[in-house]
Amino acid sequence: MSYLDYVRQFKLPHYWCPGCGTGVVLQAVVRAFEALGWKQEDLAFITGIGCSGRMSTYVNANTMHTTHGRPLAFATGVKLARPEKHVVVVSGDGDALAIGGNHFIHAARRNIDIKLVIINNLVYGMTGGQVSPTTPQKFRTQTTPYGNIDPNFDVVKLAIAAGATFVGREAVTRPRNLEKLIEKSFQHKGFSVVEVISNCHINLGRKNKMKDQITMLRWISTKTIPKNLAEKKKPEELEGKILLGIFHEDKNRKEYTELYREIQERAGGNK
Amino acid sequence: MSQESKHYELRFSAVGGQGLITTGVLLAEAMVEYEGLYAIHSPRYTAQVRGGPTKVDVIIDNKPIYFPKTTSVDFYLSTSQQSFKAYFQDIKDDAIVVLDSNLVDEFNDPKYKVYRLPLIEIAAKKIGNVVTISTLSLAVTSKLTGLLSLKELEDFVPKSVPRGYEEINLKAVRVGFSLV
Amino acid sequence: MRKVMPGNENVARAAIAAGCRFFAGYPITPSSELAATMSALLPKAGGTFIQMEDEIASMAAVIGASIAGKKVMTATSGPGFSLKQEHIGLACMMEIPVVIVNVMRGGPSTGLPTHPSQGDVMQARWGTHGDHSIIALTPSLPNEIYTETIRAFNLAEQYRSPVILLLDEILAHTYEVVDVPESGGYETANRKLPPKGLDRLDFYTYNRNVGDPPILPNFFMGYNFHFESLTHDEMGFPTTDPKKVDLLVKLREAKIEKNKEKIWENDIRMVENADVVVFAYGSVARSGIQAVEKARKDGIKAGLFRPITLWPFPDKPLREAVGNKKVIVAEMNTGLIKREVERALRRDVGGIFKANGTPITPEEILGRIKEEK
């Protein structure tokens with residue numbers, strides 16, 4: 001099957017702004033499906049609200065466009081009902097880390113086999129560009145007209161601390177690396193998190209002297225550095241840099257639906 | 001239970017954790033099982049899980065019970081002064097009132113048939129485990145009201161208590177029946 | 001099965017008998033024992049129980065499991081019911097079968113956690129935002145709690161709708177005799193599914209008659225179907241086309257409104273020759289039954305109208321049964337359903353309204369009957 005078979009081509013052209021990184025993530029995700037040969041009928045693809053949320057319209061599988069911040073809670077129900085199926089969630093920084101922060105840390109704590117991709121474009125894009133938990137400090141947004149004072153979440157550290165068993169980060173500026181990372185995370189048994197640094201030049205860039213996608217993508221390139229290259233740098237050279245790569249992989253921790261199967265067996269109910 | 005007395009209301013009050021709620025539960029279950037009657041019980045807890053006043057009301061009837069709250073209590077057993085006072089409402093004039101003589105103050109209202117027994121002390125010392133207060137109280141209640149016979153309790157109690165506690169609870173039932 | 005058990009356990013056992021195989025919940029008084037019973041029974045039945053991180057998540061999880069093909073339930077009380085409203089709306093929009101138990105306690109806010117109330121009856125109907133139809137049931141008696149729980153699942157499956165089962169603290173916590181045939185002997189309904197192997201483009205989900213519930217696939221049936229929280233078109237994809245929006249709104253409303261006669265369940269006692277009719281539901285109706293029986297013994301012609309389906313509201317059956325007779329509404333709130341009774345009868349009615357955490361007694365209702373007659 002070609003990666004295009006995983007796209008509802010009759011729904012194209014897509015809804016995102018020209019130059020938006022969300023399309024890059026969509027392609028990386030469907031290429032990972034192709035590489036793994038997953039059958040569409042065995043695949044649930046669930047999103048929340050925001051620009052990332054619209055991705056479920058375009059993925060040709062069992063899809064669900066849910067409420068703001070809660071796709072992981074729906075996915076938990078789907079996965080527990082049918083543990084043998086693949087369950088993928090794509091979310092955004094506002095969706096997963098602000099309104100959905102609670103669902104995020106608890107899905108990670110359980111280590112339920114859901115594959116989460118967070119498109120972190122550093123802003124609430126769809127609603128017109130308001131500050132999010134990952135908007136850099138000093139940046140101007142619609143709701144921080146004098147500059148942002150809010151400290152940020154480090155998604156990688158948060159995911160590891162909460163108990164995710166596969167945690168990685170990439171940027172839309174490195175699409176091939178992104179595909180490989182997503183594919184690897186999809187192969188992991190347990191709760192996996194891939195954070196993707198993405199661009200919103202329309203609703204964040206324009207307010208911060210990055211009017212077009214090229215300028216913003218260049219900025220992302222200079223802000224990010226692959227982990228293996230960073231290891232050779234001095235600490236002062238890495239100040240303010242965002243590292244890319246795999247940060248955590250634990251293959252030993254038991255997955256949640258497997259643990260529940262043991263409960264069913266102990267209760268004498270597994271047929 | 002005689003044919004005429006078709007409706008009987010009982011109340012057990014204590015301090016949370018003492019085990020009197022269990023007495024109410026066991027009584028209701030036994031009445032359903034052995035007498036084929038309708039029985040309900042409504043426990044009232046407070047947010048304080050241990051040490052707060054608690055009570056359980058039990059209603060027994062030979063018809064389906066619609067209003068599930070007591071309105072005229074025929075029998076009241078209490079093992080705590082605070083709870084005894086807190087739940088002394090709707091007690092019938094000729095009601096049987098059983099009080100733990102160590103834990104509830106003197107109470108000599110001639111309207112009621114008052115029995116004072118050191119229930120918790122008997123459970124702890126004479127029977128040998130304070131948890132038997134539940135079945136000891138069940139036996140005292142059964143004897144005084146005539147709701148259940150010793151034979152029925154000897155059959156019911158061993159299968160209703162945690163495994164390993166059958167013998168000691170049987171002892172409590174027999175002691176309870178001999179007390180009053 | 002003849003067993004002494006509280007309403008919370010009763011609902012759990014009935015749910016298993018109805019085929020419920022997934023429960024997600026969050027602890028809250030006075031509904032917690034329901035979740036606890038499900039946590040023990042479900043794995044034995046090959047089903048799944050999960051305690052989620054909050055009420056919002058537990059409502060989401062049951063919707064997810066329902067879309068994946070399970071019969072599902074969640075249970076909560078006042079404050080938790082408020083949190084569940086977000087996803088009750090989603091279940092209305094996506095047309096997902098789910099059963100939600102709300103054990104009513106005093107409110108608003110944290111209110112009276114260990115005391116009964118009927119203050120959520122309007123929230124059950126109108127709690128989530130936007131125009132929607134919904135079904136809510138108010139059983140009163142122990143055997144009825146069992147059978148109405150099964151009916152709640154059947155209605156959810158048949159009409160692809162959230163069904164709210166309203167209990168209160170008294171019904172949930174009172175241990176009483178439940179005497180019903182062993183599980184397995186009840187008629188259980190299953191949602192209609194499309195036959196397998198259709199070309200998905202031939203499969204127009206919303207292309208149905210007004211009044212028919214939709215036929216939707218479950219996940220993993222081979223249809224790459226899209227469940228959408230936005231207002232959607234006949235294929236399930238987002239739309240803002242006013243004509244299509246109109247149609248969807250109408251279809252969702254009609255599937256319940258046009259089938260009201262089948263959904264209504266009322267217990268009407270001695271109303272025909274009555275001078276005074278007591279209108280009561282849930283635990284208060286039990287006081288109503290006792291009061292009316294006593295009144296008849298005292299020679300007063302009293303009757304009872306007891307809705308077991310509260311929503312959709314039984315306006316027509318009420319009008320037909322009661323006509324111009326005097327009506328006393330008794331409810332544990334400030335008179336919420338009284339307004340519906342007045343709307344149905346097109347006149348003012350009186351009643352007994354109590355929202356202080358104590359039950360309405362048979363004597364209070366009897367006293368009122370005597371005043372009215």
Side-chain angles (χ1 to χ4, degrees), chain A residues 6 8 10-11 15 39-46 48-49 53-54 56-57 59-85 87 100 102-103 105-107 109-110 112 256-257 260-271, chain C residues 16 21-24 39-72 74 86-87 89-90 93-94 96 98 196 200-201 217-230 232 235-238:
Chain A
Y6 295 95
R8 289 180 178 133
F10 62 94
K11 293 308 291 178
Y15 142 107
K39 283 188 188 157
Q40 292 164 325
E41 64 191 65
D42 295 335
L43 170 60
F45 186 87
I46 300 167
I49 296 296
R54 291 302 183 102
S56 53
T57 314
V59 169
N60 199 17
N62 301 283
T63 56
M64 205 176 167
H65 182 211
T66 65
T67 52
H68 195 23
R70 329 270 182 223
L72 283 171
F74 292 92
T76 299
V78 172
K79 184 68 188 179
L80 279 167
R82 300 295 296 273
E84 74 284 10
K85 304 295 183 187
V87 181
N102 203 25
H103 311 307
I105 58 175
H106 286 277
R109 174 176 64 84
R110 291 186 194 105
I112 187 163
Y256 192 79
T257 59
Y260 198 81
R261 195 182 300 253
E262 289 173 17
I263 291 290
Q264 288 173 324
E265 266 152 30
R266 210 176 306 159
N270 218 355
K271 298 142 204 167
Chain C
I16 300 284
R21 289 298 176 268
F22 186 90
F23 183 101
S39 75
L41 296 181
L42 269 173
K44 271 190 200 172
T48 304
F49 169 91
I50 185 169
Q51 183 174 314
M52 292 297 283
E53 55 272 22
D54 60 31
E55 301 279 6
I56 302 169
S58 54
M59 191 65 216
V62 295
I63 291 172
S66 182
I67 286 179
K70 303 287 178 190
K71 288 189 186 177
V72 302
T74 184
E86 178 186 17
H87 289 153
L90 184 81
M93 178 57 97
M94 287 185 179
I96 308 301
V98 281
K196 284 186 184 174
R200 79 164 299 283
L201 294 178
N218 292 331
F219 266 13
F220 313 119
M221 277 186 67
Y223 294 107
N224 297 328
F225 189 70
H226 181 60
F227 286 91
E228 179 57 67
S229 64
L230 288 161
H232 39 273
M235 302 275 292
F237 293 107

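In what follows, every chain begins at residue 1, and chains take the letters A, B, ... in the order their sequences are listed.
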*Candidate pair A:R70 and C:E86, rule side chain to side chain contact (heavy atoms under 4.5 Å, CB included), full reasoning*: CA-CA 11 Å; A:R70 329 270 182 223; C:E86 178 186 17; 3.1 Å; yes
*Assess whether side chain to side chain contact (heavy atoms under 4.5 Å, CB included) is satisfied between A:R110 and C:M52, documenting all intermediate values.*
CA-CA 10 Å; A:R110 291 186 194 105; C:M52 292 297 283; 3.9 Å; yes
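Comparing A:S56, A:A75, A:P71, A:G53 by how many heavy-atom pairs each has under 4.5 Å with chain C, the most go to A:S56. The most heavy-atom pairs under 4.5 Å with chain C, out of A:K79, A:E41, A:R54, come from A:E41. Counting heavy-atom pairs under 4.5 Å between each of C:V72, C:L42, C:I50, C:V62 and chain A puts C:I50 at the top.
Looking at C:F220, the atoms closer than 4.5 Å to chain A (heavy atoms on both sides) sit in the backbone and in the side chain alike. Proximity to chain C is limited to the side chain of A:I49, based on heavy atoms less than 4.5 angstrom apart.
Of the possible polar contacts, one joining the A:Q264 side chain to the C:G47 backbone as a donor-acceptor pair under 3.5 Å is found.
In plain terms, the two heavy atoms of C:D54 and A:N102 that are nearest each other are OD2-ND2, 3.3 Å. Pairing each heavy atom of A:V78 with each of C:G64, the nearest pair is CG2-O, 3.3 Å. Nearest heavy atoms, C:F219 versus A:R82: O-NH1, 4.4 Å.
Ion pair A:R109/C:E53 not flagged as a salt bridge, since none of the NZ, NE, NH1 or NH2 atoms sits closer than 4.0 Å to an Asp/Glu carboxylate oxygen.
In this pair, C:H87 and A:F74 present their aromatic rings perpendicular. The plane angle is above 60°, beyond the 30 to 60° band.
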